[in-house]
Protein chains: 2
Amino acid sequence: MTVTIYDVAREAKVSMATVSRVVNGNPNVKPATRDRVNEVIKRLNYRPNAVARGLASKKTTTVGVIIPDISNVYYSELARGLEDIATMYKYQTIISNSDNDAQKEQEIFNNLLSKQVDGIIFLGGTLSKETTNIIKTSSVPVVVSGTHDLDASLPAVNIDYVNASKEITEKFVQDGVKKFAFVGGGYSEKAQIDILEGMKSVLSANNIKLDDASIYIGQEQYLDGEKAYEAIKSQNPEVIMCISDEQAIGIVHAVQDDGKDIPNELQVISFNNTRLVKMVRPKLSSVMQPLYDIGAVGMRLLTKYMNDEQIEESKVTLPYSIVYRGTTK
Amino acid sequence: MTVTIYDVAREAKVSMATVSRVVNGNPNVKPATRDRVNEVIKRLNYRPNAVARGLASKKTTTVGVIIPDISNVYYSELARGLEDIATMYKYQTIISNSDNDAQKEQEIFNNLLSKQVDGIIFLGGTLSKETTNIIKTSSVPVVVSGTHDLDASLPAVNIDYVNASKEITEKFVQDGVKKFAFVGGGYSEKAQIDILEGMKSVLSANNIKLDDASIYIGQEQYLDGEKAYEAIKSQNPEVIMCISDEQAIGIVHAVQDDGKDIPNELQVISFNNTRLVKMVRPKLSSVMQPLYDIGAVGMRLLTKYMNDEQIEESKVTLPYSIVYRGTTK
DNA sequence: GTGAAAGCGCTAACAC
DNA sequence: GTGTTAGCGCTTTCAC
């Protein structure tokens with residue numbers, strides 16, 4: 001029924017080995033033979049069985065992707081970048097949603113290993129200690145994109161959130177801002193830690209306090225923005241620094257509904273830089289980060305590991321820039 | 001190095017066949033033997049090789065997903081629904097972006113077949129004639145979610161765009177609207193055809209003309225919304241019906257920048273119902289469609305085909321509702 | 001209830 | 001350049 005390499009060999013009057021050579025582009029085949037084999041392949045509509053090939057060669061040209069939630073704009077942008085590079089290097093991607101749940105992560109990881117993927121890329125979210133440990137004992141290469149493991153020992157690609165946060169905070173301090181607030185939550189525990197670290201270092205250097213009542217940790221969602229504002233408004237912040245764009249947009253609307261003017265009475269800035277930033281009025285000030293590239297570079301790094309290429313640097317830090325749009329003065 | 005079924009068999013003093021039975025939950029194993037085997041599996045940390053299993057059993061528990069663009073909010077929502085159901089039925093998903101390009105679709109399709117996927121789900125976009133033909137000759141089941149093939153012969157899940165369009169158009173006609181405009185483009189050729197069909201049937205029944213100058217076909221993107229408005233504003237439409245939310249939001253902002261009041265001077269309604277609809281002010285009126293479910297139901301349908309379950313209906317039409325929010329009167 | 005053995009479709013030595 | 005052969009790790013008859 002299905003055409004196998006054996007059928008092709010018989011029909012072309014060569015051995016399976018020769019057919020295999022032709023299919024795999026091995027140069028040690030006489031052009032005439034090659035042509036004959038190719039003709040038969042076409043005529044019989046032969047399609048190599050990747051599963052059999054995977055079993056024999058121990059390479060599946062498949063990589064696993066563990067992602068918190070593909071329907072989240074931020075992550076789907078990373079996924080697109082990663083997938084494009086994978087395709088470029090002839091890999092297919094098995095994508096699974098973890099909801100940033102440590103147990104699901106581990107199940108997915110084991111499934112991927114059992115499918116004999118050549119490599120795994122872990123996106124965003126937070127890497128739990130257990131997951132990190134399992135990863136470290138595995139023999140397939142793993143790259144982390146858009147987050148770190150807790151002790152930053154795995155190959156990873158990121159932007160420098162600490163610095164971005166410092167830069168922004170300094171700018172506001174120089175503008176005379178005294179009351180800061182921070183809004184985080186969702187999958188971005190690592191970003192949260194970094195951004196708070198940046199804020200706190202600058203603020204304490206300037207003797208400005210960031211008390212707990214001005215920190216809100218919720219969900220990275222639009223509707224949660226309202227809750228966030230509700231939670232911190234009594235502190236009368238002059239600036240709200242928010243990880244997620246979607247949440248920030250929720251805040252902007254909640255503030256406006258509260259009758260306050262943005263940016264004159266309250267400024268908002270976010271760190272995600274999804275396409276959403278331009279879809280609000282006023283446009284959202286944000287840290288521009290190359291989402292697509294974070295995914296793409298992560299996958300490129302993974303291909304290097306999978307092909308045993310020389311790795312200069314297992315940690316890649318991509319540049320960011322800060323764009324002050326309408327929600328800041 | 002890697003532990004195989006043979007290692008487990010030797011260690012547990014049984015044959016490979018018995019280990020295989022235990023792993024696959026075959027009941028014909030004495031409980032005592034089962035326990036012993038399970039103990040060894042655990043001790044040796046044995047993990048079945050899915051590739052070998054796939055080769056032997058001709059089932060890979062993997063399904064292929066062909067999607068126009070995973071970074072598009074609309075499609076990533078479908079993808080999430082589909083993936084959840086796949087996980088529930090123990091399938092993994094290989095996801096590839098086609099950019100709605102017929103040639104890429106076919107390449108992806110062939111790659112998936114070569115990987116011996118148990119089924120394929122085709123999302124959104126437009127199915128070209130060639131792709132449709134290839135699909136029809138393939139032996140793996142294929143389900144189409146969020147679009148139809150041109151002669152609607154493949155199993156598919158959709159909402160009834162024609163009716164939704166009629167309903168909306170009738171409402172506006174009753175409100176006395178005389179000048180309609182339509183904005184489409186991007187991946188949604190099928191939706192476009194259906195929506196225009198619905199509009200035209202109602203309009204012609206009411207002797208209202210929809211001339212070509214009031215139809216704009218562009219890209220499903222925010223920035224394209226401005227272009228769309230630029231292109232049709234000279235026609236002074238009272239209502240713009242737009243497939244994509246993102247594009248519709250672009251239109252809303254372009255209209256506002258033009259100094260016109262929404263909804264009093266111009267009304268806008270869209271058909272995608274992504275999360276974006278609530279993230280603009282005024283909130284976007286739109287056709288509510290169950291994106292997550294379109295993906296989920298599609299995958300459920302596919303599992304039925306893969307498991308040779310009874311199929312009552314190969315075409316599923318999911319309900320929609322029309323929500324008039326702030327961009328309509 | 002359990003084992004032996006034949007494949008699944010391919011790659012990768014190795015020989016010629 | 002090309003063919004032979006032995007696996008890759010598992011499932012699946014078929015015996016017993």
Side-chain angles (χ1 to χ4, degrees), chain A residues 1-38 40-41 44-62 90 110-111 113-118 139-140, chain B residues 1-38 40-41 44-62 90 110-111 113-118 139-140:
Chain A
M1 205 190 85
T2 48
V3 185
T4 73
I5 199 171
Y6 183 76
D7 299 321
V8 176
R10 186 166 26 75
E11 197 76 9
K13 303 198 194 313
V14 294
S15 71
M16 309 166 43
T18 300
V19 179
S20 176
R21 286 189 189 98
V22 172
V23 168
N24 293 295
N26 185 317
N28 294 332
V29 183
K30 194 157 47 167
T33 328
R34 176 183 305 280
D35 291 349
R36 188 150 39 91
V37 170
N38 275 326
V40 175
I41 286 179
L44 264 47
N45 193 22
Y46 167 68
R47 179 187 295 117
N49 181 325
V51 174
R53 184 184 280 187
L55 182 59
S57 70
K58 298 178 173 302
K59 296 224 167 304
T60 55
T61 63
T62 303
K90 311 283 184 205
N110 283 323
N111 280 336
L113 291 184
S114 119
K115 292 245 158 137
Q116 314 300 117
V117 294
D118 296 338
S139 53
V140 308
Chain B
M1 207 190 82
T2 48
V3 345
T4 72
I5 200 171
Y6 183 76
D7 299 321
V8 177
R10 186 168 24 74
E11 197 75 11
K13 301 198 195 315
V14 294
S15 71
M16 307 165 44
T18 301
V19 179
S20 176
R21 288 191 188 97
V22 172
V23 169
N24 294 295
N26 185 316
N28 294 333
V29 182
K30 196 160 39 169
T33 331
R34 176 183 305 281
D35 291 349
R36 189 149 40 91
V37 171
N38 275 326
V40 175
I41 287 179
L44 265 47
N45 193 22
Y46 167 67
R47 179 186 295 116
N49 181 325
V51 173
R53 184 184 280 189
L55 183 59
S57 71
K58 299 182 173 302
K59 296 226 166 304
T60 55
T61 63
T62 304
K90 311 282 185 205
N110 282 323
N111 281 335
L113 290 184
S114 122
K115 292 244 158 137
Q116 315 299 119
V117 294
D118 296 338
S139 53
V140 308

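Just so we're clear, the structure is a prediction, and the values are computed from it rather than from any experiment. These values consider heavy atoms only, across backbone and side chains, with no hydrogens, waters or symmetry-generated copies. Just so we're on the same page: letters track the sequence lines, and every chain starts at 1.
- We find that NZ of B/Lys58 is positioned 19 Å from P of D/dG9, with the value rounded to whole Å.
- Considering A/Leu44, A/Asn38, A/Val37 as possible partners of A/Val40, the one that fulfils the side chain to side chain contact (heavy atoms under 4.5 Å, CB included) test is A/Leu44.
- Of the listed nucleotides (D/dT11, D/dG3, D/dT2), D/dG3 has the atom at the smallest distance from the side chain of A/Val14.
- Mapped onto DNA chain D by nearest heavy atom, B/Arg53 and A/Ala17 fall at different nucleotides, with A/Ala17 at the one closer to the 5' end.
- Atom pair A/Met16:CE and C/dC8:C1' shows a separation of 12 Å (rounding to whole Å applied).
- One finds no side-chain N or O of B/Thr4 lying less than 4.0 angstrom from the OP1 or OP2 phosphate oxygen of D/dG9.
- The end-to-end axis angle of the helix from C/dG1-D/dC16 to C/dC16-D/dG1, rounded to 10 degrees and based on five pairs per end, is 30°.
- Contact check, A/Asn28 against D/dT2: no side-chain N or O comes under 4.0 Å of OP1 or OP2.
- Counting to the nearest Å, the P atom of D/dT12 and the CG atom of B/Asn26 are 10 Å from each other.
- As a whole-Å value, the separation of A/Lys30 NZ from D/dG3 C1' is 14 Å.
- Considering only side-chain atoms of A/Ser20, the nucleotide from C/dT11, D/dG9, D/dT11 that sits closest is C/dT11.
- Interatomic distance, OG1 of B/Thr2 versus CD of A/Gln116, reported as 8.0 Å (0.5 Å rounding).
- Residues B/Glu11 and B/Val3 fail the side-chain proximity criterion, which asks for heavy atoms closer than 4.5 Å.
- Separating the NZ atom of A/Lys115 from the P atom of D/dC10 is a distance of 15 Å, rounded to the nearest angstrom.
- Using a 4.5 Å heavy-atom threshold, the side chains of B/Thr61 and B/Lys90 count as separate.
- Applying the 4.0 Å criterion to OP1 and OP2 of D/dG3, one finds that A/Thr18 has a side-chain N or O inside that range.
- Taking 4.0 angstrom as the limit, B/Ser57 places none of its side-chain polar atoms (N or O) nearer than this to OP1 or OP2 of C/dC8.
- Taking atom CZ of B/Arg34 as the reference point, atom C1' of C/dT2 lies 13 Å away to the nearest angstrom.
- Residues B/Thr62 and A/Lys115 meet the side-chain proximity criterion, which asks for heavy atoms closer than 4.5 Å.
- With rounding to whole Å, B/Asn49 atom CG is found 18 Å from C/dC8 atom P.
- The two residues A/Ser114 and B/Pro48 make their nearest non-hydrogen contact at CB-O, 3.5 Å.
- Atom P of nucleotide D/dT4 and atom CZ of A/Arg21 are separated by 11 Å, given to the nearest angstrom.
- In this structure, the side chains of B/Val23 and B/Ser20 stay at 4.5 Å or more apart for every pair of heavy atoms.
- In terms of phosphate contacts, A/Tyr46 brings a side-chain nitrogen or oxygen within less than 4.0 Å of OP1 or OP2 of C/dC10.
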